[in-house]
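A quick write-up on the structure given underneath.
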Amino acid sequence: MERGRCASAAAAAALFAWGANSYGQLGLGHKEDVLLPQQLNDFCEPGCVKRITGGGGHSAVVTDGGRLFVCGLNKDGQLGLGHTENVLYFTPCTSLLGCPIQQVACGWDFTIILTEGGQVLSCGSNSFGQLGVPHGPRRCVVPQVIELLREKVVCIAAGLRHALAATGLENSKVRCVLAGSDHSASLTDAGELYVWGSNKHGQLATQAVFLPVPQKIEVHCFQNEKVTAIWSGWTHLVAQTETGKVFTWGRADYGQLGRKLEAQEGWKQDERDSSLPCLTPQNSMPLSLHCLTGATEVSCGSEHNLAVIEKQEWLGALIHGINTVQTISNNAQAPEERPDKWELLKIKRLGSSKDFTKRVKRQPTAWEKKFCYDKSNQRLVSKIYKILQNLNSKKTTN
């Protein structure tokens, strides 16, 4: 996540955290899981949060001033603090003081760090050579420079057990790189998307099982529009085009594509190991989700996604993927249910059915009635709405 610079100290960013917390990766000072977003008070003041990212069990924050804060699992030294003890609070990486940080990428058990000068450092596990240090140790507890990267690096990414770095000057064609569990992707400033690596789940939008070199996904796959942004989960991808359309493709057995599969996509159970809950694609291609057109924020987890949409007078959020329906509506429907059937979550107190009809010019669906008028769900809606209101007001002031 990246946000603009703060206009003043009064507009300093607020950081919220929730979810699994077995190693203290939420930075809240304890190891208990958190079901609802909690704000981290007095964090990295007076600087503003510029980027946040998370790995297998650790988290990292970069401030506008270029400082790096880390917390969570540290058994392989992935926090870069010089030791292997887990850390429950966001702690500054003191070995990098005086060295402004531009970007940080967290892998499963390692961390890649990009300085404002274009230099790349790494720390954590090196079991698969993911630190970029030939003949290096099995792990590194202090960030060390990757000497082989002699050119200025403009962007980095970390996958499950691999890392990427894009080099070039200001006229570089590479806009960004990203990594999934076993695949990689690169987006150019011309709006062209290249992919390579494993295609076990159709995440490369090709018939090939594996792509050893980058291959372009043809523009017709995105309705002849340029790609302006790209995100990746472990085995699926999400792209947004110049007109705001959002496309998804890849693995779908947890509903992470936000849509039902088309017949021509031809998925089938993996015959090599029927005990694995995964599907093997014959042909998975990018398809747009109309309900996400114009999304202002999109983020991919390992097997789920979150998007924020602003529509005229109201701010909405749509979440889909693994554990979404159970979390949001406590209704164990099929996880691959279409987001347009869930409708768009109206993050407001809708009151009566009559009031709903007056506001959105139609009758509420059965799902909306259950979600919007259930008291426990209303409390959750209220909390989400307040958080999004705060984010929206800060975006307006900046």
Here the pair of heavy atoms bringing V227 nearest to A239 is CG1-CB, 4.1 Å
Counting only N and O atoms by type, is there a donor-acceptor contact under 3.5 Å from the side chain of D33 to the main-chain atoms of A20? no
Which value, rounded to the nearest 0.5 Å, describes the distance between L306 atom CG and S299 atom OG? 7.0 Å
Residues V174 and A166: closest non-hydrogen pair is CG1-CB, 3.5 Å
Looking at every non-hydrogen atom in both residues, tell me the closest pair between L178 and S232 and how far apart they are. CD1-CB, 3.4 Å
Distance, nearest 0.5 Å, that separates CG of L193 from CD of E218: 11.0 Å
Is there side-chain contact between L204 and Q215, with heavy atoms separated by less than 4.5 Å? no
Are side-chain N/O atoms of H236 and N305 paired as donor and acceptor at under 3.5 Å? yes
Out of curiosity, T63 OG1 to F90 CZ, how far, rounded to the nearest 0.5 Å? 12.5 Å
Should S122 and C140 count as side-chain neighbours, where that means a heavy-atom distance under 4.5 Å? no
To the nearest 0.5 Å, tell me how far S59 OG sits from Q25 CD. 6.0 Å
H201 side chain to Q203 main-chain N or O, any donor-acceptor pair under 3.5 Å? no
Close side-chain approach of H83 and V141, heavy atoms under 4.5 Å: no
Please confirm whether the backbone N or O of G117 pairs with a side-chain atom of Q119, one donor and one acceptor, at under 3.5 Å? no
Please walk me through it: do C221 and M285 pass side chain to side chain contact (heavy atoms under 4.5 Å, CB included)? CA-CA 7 Å; C221 294; M285 300 302 293; 3.3 Å; yes
R138 side chain to S125 side chain, donor-acceptor N/O pair below 3.5 angstrom: no
Show the nearest heavy-atom pair for residues C106 and T53, with the distance to one decimal. SG-CG2, 3.6 Å
Run the side chain to side chain contact (heavy atoms under 4.5 Å, CB included) test on Q130 and H162 for me, step by step, so that the C-alpha distance in whole Å, both residues' side-chain angles and the decisive distance to 0.1 Å come before the verdict. CA-CA 5 Å; Q130 59 265 55; H162 72 288; 5.6 Å; no
Would you find a donor on one side and an acceptor on the other, under 3.5 Å apart, between the side chain of T167 and the backbone of K152? no
Spatial distance of atom CH2 (W231) from atom SG (C300) [nearest 0.5 Å]: 8.0 Å
Exercise: do K50 and Q102 side chains pair donor with acceptor under 3.5 Å: yes
Main-chain N/O of E85 paired to N74 side chain as donor or acceptor, under 3.5 Å: yes
Side-chain donor-acceptor pair under 3.5 Å between T111 and H58, yes or no? yes
Taking G55's backbone N and O only, do any of them form a donor-acceptor pair with W108's side chain (distance below 3.5 Å, no angle check)? no
Would you tell me whether Q240 and K245 have side-chain atoms, one donor and one acceptor, within less than 3.5 Å of each other? no
Is there a chain of hydrophobic side chains (I, L, V, M, F, W, Y, each step under 4.5 Å between heavy atoms) that links F16 to V49? yes
Residues L114 and C155: closest non-hydrogen pair is CD2-N, 4.0 Å
Measuring from atom CD of Q78 to atom OH of Y23, what distance do you get when rounded to the nearest 0.5 angstrom? 10.0 Å
Would you confirm whether N21, through its side chain, and H30, through its main-chain N or O, come within 3.5 Å as a donor-acceptor pair? yes
Heavy atoms, side chains only, cut-off 4.5 Å: are W18 and V34 in contact? yes
Between L289 and R259, is a side chain to side chain contact (heavy atoms under 4.5 Å, CB included) present by the stated rule, with each step listed? CA-CA 7 Å; L289 297 176; R259 56 181 170 83; 3.7 Å; yes
Kindly indicate, with the supporting measurements, whether the criterion side chain to side chain contact (heavy atoms under 4.5 Å, CB included) is fulfilled by C71 and T91. CA-CA 6 Å; C71 68; T91 303; 5.7 Å; no
Between G27 and L40, which heavy-atom pair has the shortest distance, and what is it? O-CD2, 3.3 Å
Side chain proximity check, P134 to L148, heavy atoms < 4.5 angstrom: yes
Would you say L211 and L164 are hydrophobically clustered, going by side-chain heavy atoms of ILVMFWY under 4.5 Å? yes
Can any side-chain N or O of T188 pair as donor or acceptor with the backbone N or O of A190 at less than 3.5 Å? yes
Please check if V195 and V177 belong to a single hydrophobic cluster, counting links between Ile, Leu, Val, Met, Phe, Trp and Tyr side chain heavy atoms closer than 4.5 Å. yes
Does E242 CD have over 12 foreign heavy atoms under 6.0 Å away? yes
Assigning hydrophobic clusters by single linkage (Ile, Leu, Val, Met, Phe, Trp, Tyr; side-chain heavy-atom cutoff under 4.5 Å), is V219 placed with F247? no
Just by distance, do the side chain of R175 and the backbone of A229 share a donor-acceptor pair under 3.5 Å? no
Is the closest side-chain heavy-atom distance between R251 and L257 below 4.5 Å? no
Determine whether the aromatic ring centres of residues F222 and W249 are separated by less than 6.0 angstrom. yes
What about L26 and Y89, same hydrophobic cluster or not, with Ile/Leu/Val/Met/Phe/Trp/Tyr joined at side-chain heavy-atom distances under 4.5 Å? no
Compare all side-chain heavy atoms of Q256 with those of T248 and state whether any distance is below 4.5 angstrom. no
Any sub-3.5 Å donor-acceptor pair from R139's side-chain atoms to K75's backbone N or O? yes
For L121, the rest of its hydrophobic cluster, which grows through side-chain links under 4.5 angstrom: V62, L68, V70, L79, L81, V87, L96, I101, V104, I113, V145
Mind checking whether V209 and N199 have side chains closer than 4.5 Å, heavy atoms only? no
